[in-house]
Structure formats: structure tokens, C-alpha cells
Amino acid sequence: MVVLANPPVVDQIPLLRSPGPRDTFSGVPVVDLSSPAAARAIVDACERFGFFKVVNHGVPAATMGRAESEAVRFFAQAQADKDRAGPAYPFGYGSKRIGLNGDMGWLEYLLLAVDSASLSDACPVPSTAAFRSALNEYVAAVRKVAVRVLEAMAEGLGIADAAALSSMVTGAGGDQVFRVNHYPPCPALQGLGCSATGFGEHTDPQLISVLRSNGTSGLQIALRDGAQWVSVPSDRDAFFVNVGDSLQVLTNGRFKSVKHRVVTNSLKSRVSFIYFAGPALEQRIVPLPELLAEGEESLYKEFTWGEYKKAAYKTRLGDNRLAQFEKRSI
Ligand SMILES: C=C1C[C@]23C[C@H]1CC[C@H]2[C@@]12CCC[C@@](C)(C(=O)O1)[C@H]2[C@@H]3C(=O)O
Ligand SMILES: O=C(O)CCC(=O)C(=O)O
């Protein structure tokens, strides 16, 4: 008989099959942001996967490296010191609990508010000057990447106003959130063929999310609407972009928000930064008129970002949040 001597908290975190080499996905679309072909490549990737990798983005490696080492230093503190930066909601340090409805993952994190191009003054965490300035530098840089991606997307979609999507994020009240995740290794499960869930499967509610991680793998995306999970090879020099639910609606389903999750590594810790680009709370999320063919109707009931966000916080992580806004066809 095999007795699993897991620490109790692991019992509350769902297990996933440990990824093997055959799960590695070699087909992640790579977009060279410095190329004139970027616009077409982004649209193609968003239609096929809702996910792509961005290279030649112009963000200095030092900007990413400094933010990463400051984050590592923050998470290395004593638990009591980190807890002083909590709770996670509305903003601050959190551990294992994700959202407000009982989801758990093998991670600790900082959930932070962004105000135009830096961390919001209303968000006192992180408090050390070095960590704060490193994150501010990173946030300013990643936001520019998000803007360039959204501009290229509009161009690729043939929308006359190149800023149609990006201005939703950069305009007054743009709802930007920044998250620093730390997934410690979970060695208790080593050799058992399963791993703790780092971050359970979900789609992101916003327009796009821009992710950067250290060299530790763990991110997986769902292919064929969840029929298959594949591992995304990590690349500390690149950004990964996810299509979110709001962009799915703005394109009337042409782009699909991609389901993704993180599987804990049994040996190495993963550190990731995710910038979530959302519009102002009062922004109506309806298909862009230029993307609707004559007579084509929206697949979704009309809502504002504020309404969607409020509804999202009432759901569990893995729920299909868009389903309640789909028009049922008869
Ligand atoms: C169960 C949860 C946890 C949520 C809200 C709700 C549904 C979706 C989750 C996310 C996913 C994307 C980032 C985030 C910041 C967001 O906007 O939606 C997350 C948020 C949280 O981690 O708090
Ligand atoms: O940490 C990661 O690599 C991804 C986490 C994620 O999907 C999220 O924070 O919404």
C-alpha cells in the first residue's frame, strides 16, 4: 500500500498529471514585433490559438532581470513579513487562495493596481523603494508592448482607427492589473507522476494579458477547446500574449480567449509577471462594427467591462464566464 504523506494543504489543491516531454508544444506562434508582418501574424495566431509569443519587443533584459530579482527577494522574506503586505483583495499579497470563491493553487502572489503607466499610488505594496521602482520600470515597458500588440492587431483586422483597441486600455479609467506569481517547487509529489496545480485552468476576462516568466516551465494552454493540454516551453527573453474574454466579444468570436493553467514544477520555482490590459469600467464590450459583416449580429448580450468584472468575481476560476452573456440561438 502506498501512503501519501502530503502536507495537509496540498490535499486542498487539485493535482494534475505531471507534464512529460511529449506534452511540449512546438507550435506556439512566434511574432516578431519589429517586423511589418507582425499585424498579420498576430491575427492569425489569435484566430488559431488565442495565444502567441512576442520576440524583438525592445524591452531590455535588464528591466526584466531587475524586476525578477527584486520579486525573488520579496518572496524570500519570512512569512510574517509577507503577510503584512496582505490581504490580496482588493490588492496586495496572497498565498494559495485565488479569487473569493474557494480556488486554491500552489503559489503566492502580489496582485497590484496600475494607474496609467506605473503602480497605483493607492496600492502601497510593494513598499521597498527598490522593488517598487523595478516593478514600475517593468510595468511601463510591458504596457508599451501591450499597446503595440493591440495596435498591430487593429491593423491586422483592417480597422481604420489603429488605436481602436489600444485606446480602450490607455484611455482614462483603463483598468489595468498587474500580478507577480511565485510557484515554489512542490517536491512532495516528486516521482508520483502528478503535480500540484499552480494556477487552475481559466480564461482571462480582459482584452489581452502579457506574461513573462523566468526559465521554469509550467504554463499550459488548452488546444481544441480543452480537449488537449500542452506545455508552453518557457522563454525568459520573450513575452507571451493571451486573448481574453473581452477581446473574444469585441471580435464577435473571431478570436478565442485561450484556456490556460500552471502546473507546479517539482524541482524549480517559477516566477511570472502578468499584465492584464482591461478597458474602463464603463466601456461597452460589443463587437467592433467594422468586424461585423452585413446583417451579422453579436453573439453576445451587451455588457460593460464593469458588469463583466463584477460577474467574474462571483465565479469560480474554471467557470465559463462568457456563457451567461451568450445569446442563445434557437
Ligand atoms: C476566481 C477568480 C480570480 C480572478 C477573478 C475570478 C475569475 C477570474 C480570475 C482572474 C484571471 C485573470 C487575472 C485576474 C486578476 C482577473 O481579473 O480575473 C484573476 C482574478 C484573481 O486572481 O483575483
Ligand atoms: O503564472 C503564470 O504563468 C500564469 C498565471 C495566470 O494565468 C494568471 O495569473 O492569471
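From a predicted model like this one, the values you see are computed outputs, not experimental measurements. Counting convention: from 1, in listed order, for ligands and their atoms alike. Just the heavy atoms: all of them, side chains too, but no hydrogens, waters or symmetry mates, feed the values below.
What you find for Gln206 and Ala277 is that their closest heavy atoms are CB-O, 3.3 Å.
The other residues sharing a hydrophobic cluster with Val72 are Val271, where clustering joins ILVMFWY side chains under 4.5 Å apart.
Within ligand 2, counting atoms from 1 as listed, the ones closer than 4.0 Å to a heavy atom of Leu211 are 2 (C), 3 (O), 4 (C). Taking every non-hydrogen atom of Arg179 and a distance limit under 4.0 Å, the qualifying atoms of ligand 2 come out as 9 (O). Using a 4.0 Å cut-off to heavy atoms of Tyr183, the atoms of ligand 2 that qualify are 1 (O), 2 (C), 4 (C), 5 (C). Taking every heavy atom of His260 and a limit of under 4.0 angstrom, the matching atoms of ligand 2 come to 7 (O). The ligand atoms of ligand 2 that sit less than 4.0 angstrom from a heavy atom of Ser272 are 1 (O), 2 (C), 3 (O). In the vicinity of Val262, heavy-atom distances shorter than 4.0 Å reach the ligand 2 atoms 1 (O), 2 (C), 3 (O), 4 (C).
For residues 136-175, the pairs satisfying ring pair (Phe, Tyr, Trp, His ring centres under 6.0 Å) are Tyr138-Phe178, Tyr138-Phe273, with sequence neighbours left out.
Residues Asn265 and Ser217 form a side-chain contact, since some pair of their non-hydrogen atoms from C-beta on lies under 4.5 Å apart.
Shortest contact from atom 3 (O) of ligand 2 to any protein heavy atom: Arg270 NH2, 2.6 Å. Among all protein heavy atoms, the one lying closest to atom 10 (O) of ligand 2 is His202 NE2, 3.1 Å.
Contacts between Leu107 and ligand 2 below 4.0 angstrom, taking non-hydrogen atoms only, are absent altogether. Within the 4.0 Å heavy-atom criterion, neither part of Tyr109 lies near ligand 2.
Atom NZ in Lys53 sits 8.5 Å away from atom OG in Ser234 (nearest 0.5 Å).
Taking the side chain to side chain donor-acceptor pair (under 3.5 Å) definition, one finds that Glu201 meets it with nothing, sequence neighbours left out.
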**Report entry** CA sep, side-chain torsions, deciding dist, call: Arg148, Glu151, salt bridge (Lys or Arg N to Asp or Glu O under 4.0 Å)
**Finding:** CA-CA 5 Å; Arg148 282 170 64 198; Glu151 284 170 357; over 6 Å; no
**Report entry** Stepwise side-chain hydrogen bond (donor to acceptor under 3.5 Å, both in side chains) test for Asp245 and Thr203
**Finding:** CA-CA 7 Å; Asp245 298 338; Thr203 60; 2.9 Å; yes
Query - Criterion side-chain hydrogen bond (donor to acceptor under 3.5 Å, both in side chains) on Thr264 and Ser195, from CA distance to verdict - result: CA-CA 6 Å; Thr264 309; Ser195 307; over 6 Å; no
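Around ligand 1, the residues contributing at least one heavy atom under 4.0 Å from the ligand are Tyr89, Ile98, Gly99, Leu111, Arg179, His202, Asp204, Pro205, Gln206, Phe276, Ala312, Tyr313, Thr315, Leu317, Arg321.
Heavy-atom contacts from other residues, nucleotides or ligands closer than 6.0 Å to CZ of Arg97 number 12 or fewer.
When the options Phe49, Trp229, Phe52 are evaluated for a ring-ring contact (aromatic ring centres under 6.0 Å, His included) with Phe25, the one that passes is Phe49.
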